[in-house]
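FYI, the numbering just counts along the sequence from 1. Just follow the structure's listing: the first ligand is 1, and inside any ligand the first atom is 1.
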Amino acid sequence: MSVSRTPRIDLRSDTVTTPTDTMRRAMAEALVGDDVYAEDPTVNELQQEAARLLGFEAGLFMPSGTMTNQVAIAVHTQRGQEVICAEGSHIYEWELGMMAAFSGVVPRFVAAPRGIPDPDGVRRAIRRSIHQSPTGLISLEDTHNKAGGTVLPAEVMAGVREVADQEGLPLHLDGARMMNAAAAQGVSARDVARHFHSVSLCLSKGLGAPVGSVLLGSRDFVARAHRYRKMMGGGMRQAGMLAAAGLIALREGPARLPHDHRRARELAHALVNAGYDVDLDTVQTNMVYAGLQGAQAKVDAWAAQGLLANALDTDRVRFVLHHQISDEQLARAIEVIGAR
Ligand code: TLP
């Protein structure tokens, strides 16, 4: 049984999905070896397939998107530097100060209306003076979680890459949901990834794997990332059991995403009809944020009726669509939301 038996309608995140029957079978049958020695054939296959798909030389499998992001930061930066990122970026906002704790770097947020930074704003944020901490890295997020799952336009990514090249800086993508971004734009994942020196891709969000993210980059970058993964405790030994599910997620997950996006729009319209404050322009992928006072109390009231959402801010509630929400569950969610 791949879907949880609980009657709850869980829209807290796309991380809540459970492995499909195909994934469970692949996990049971996976060929494995010790991945710390780079001898797990299934992990190697996943890393190579993800690298090929996104157009990089190499990939490295890790337990989480937090680890792939933080390892990337560790490889790209030196202590005392700044990391330029869009305001609200997950690498700072939700990764528990790890860039400071592990790499000794600090974030410099740039304004990013609806999650989209302006390349000129990025250029202005770069620090070179002897009196300031120098910029070590620029990092973008696509889709931008806190902005509502918004998609970075190609010209913005190209513009920021131009700035990075002119300034000799590396450009990283927190692409936890970059497959959603690609699907929303009708472009390939490689088309999104080509602007970046490194990409963190999560397999355990909308793609549906139970665990795992892959960090992609040049062969040299990934060789250096190996050491930091081990330092963080991410050497997972017979991880092919997990990579097997990751391979299914990578192969079968992306095709399902447009369906999640259509349903997010449906839910967003239902929220608007029920009088909630939703910026429909931000509903571009599988997320919907609704503004309301007393978010946690509202979330608790919905939970009592079996509808789970996330109060990530005091005055905003987030709903995330994923492939294990049935038509009946979506209809029921809309019914619960409508009964104010
Ligand atoms: N985000 C989670 C929570 O941490 C908020 C969620 O439910 O959305 N980058 C982005 C853009 C993310 O949204 C997340 C997870 C991560 C990185 C971290 O991934 P994990 O949870 O695998 O460490």
Side-chain angles (χ1 to χ4, degrees), residues 10-19 50 60-74 83 85-99 101-102 107 109 112 114-117 139-152 172-182 184 192-193 196 198-216 228-229 232-234 236 239 242-243 245-246 249-250 253 257 260 264 282 284-289 295 299 308-313 316-322 324-325:
D10 197 344
L11 298 177
R12 285 173 302 169
S13 184
D14 46 12
T15 60
V16 301
T17 56
T18 54
L60 195 59
F61 184 52
M62 302 193 207
S64 70
T66 301
M67 194 181 288
T68 39
N69 278 332
Q70 295 302 325
V71 165
I73 291 170
V83 176
C85 47
E87 59 189 341
S89 287
H90 197 283
I91 57 164
Y92 179 65
E93 197 75 55
W94 281 319
E95 294 183 15
L96 297 95
M98 189 60 167
M99 70 164 75
F102 190 71
F109 278 159
R114 295 196 173 124
I116 319 290
S139 181
L140 300 182
E141 186 174 313
D142 193 20
T143 63
H144 193 294
N145 186 340
K146 210 159 189 242
T150 52
V151 176
L152 280 175
H172 172 71
L173 177 68
D174 176 354
R177 296 185 181 85
M178 66 163 296
M179 291 296 185
N180 294 82
V192 176
F196 301 90
S198 59
V199 169
S200 156
L201 167 70
C202 288
L203 304 166
S204 63
K205 310 275 177 310
L207 302 185
V211 177
S213 295
V214 189
L215 180 61
L216 292 314
Y228 291 110
R229 183 184 71 170
M232 285 191 190
M236 290 192 291
L242 302 173
L250 201 58
L257 299 176
D260 296 343
T282 64
Q284 300 169 10
T285 57
N286 65 332
M287 290 187 186
V288 185
Y289 275 87
V299 163
L308 304 188
N310 230 330
L312 290 171
D313 297 319
R316 286 199 322 161
V317 174
R318 187 186 74 169
F319 302 85
V320 187
L321 271 295
H322 54 78
Q324 285 174 346
I325 294 296

If we count only N and O atoms by modelled type, under 3.5 Å, do the side chains of [X] and [Y] hold a donor and an acceptor together?
| X | Y | value |
| --- | --- | --- |
| Ser198 | His172 | yes |
| Asn145 | Tyr289 | yes |
| His90 | Glu141 | no |

Between His144 and Glu87, is there a donor-acceptor pair closer than 3.5 Å when you use the side chain of the first and the backbone of the second?
yes
Is Thr15 close to ligand 1, meaning an N/O of one under 3.5 Å from an N/O of the other?
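Such a contact does not occur with ligand 1.
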Among all protein heavy atoms in this structure, tell me which lies nearest to [atom], with the distance rounded to 0.1 Å.
| atom | answer |
| --- | --- |
| atom 14 (C) of ligand 1 | His90 NE2, 3.1 Å |
| atom 9 (N) of ligand 1 | Asp174 OD2, 2.7 Å |
| atom 22 (O) of ligand 1 | Gly65 N, 2.8 Å |

Atom indices of ligand 1, in the order listed, that fall short of 4.0 Å to a heavy atom of [X]:
| X | answer |
| --- | --- |
| Thr66 | 18 (C), 19 (O), 20 (P), 23 (O) |
| Ser13 | 6 (C), 7 (O), 8 (O) |
| Arg177 | 6 (C), 8 (O), 12 (C), 13 (O) |
| Glu95 | 17 (C) |
| Ser64 | 22 (O), 23 (O) |

Enter the distance from [X]:[atom1] to [Y]:[atom2] here, rounded to the nearest 0.5 Å.
| X | Y | atom1 | atom2 | value |
| --- | --- | --- | --- | --- |
| Met98 | Ile73 | CE | CD1 | 10.0 Å |
| Met179 | Thr285 | CE | OG1 | 14.0 Å |
| Ile91 | Ser200 | CD1 | OG | 10.5 Å |

Cationic N near anionic O, under 4.0 Å, Asp14 to Arg177
yes
Could you check which of Arg318, Arg12, Lys205 puts a non-hydrogen atom nearest to atom 6 (C) of ligand 1?
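Answer by nearest heavy atom: Arg318.
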Just let me know how Asn310 lines up against ligand 1, side chain, backbone, both or neither, with a heavy-atom cut-off below 4.0 Å.
neither
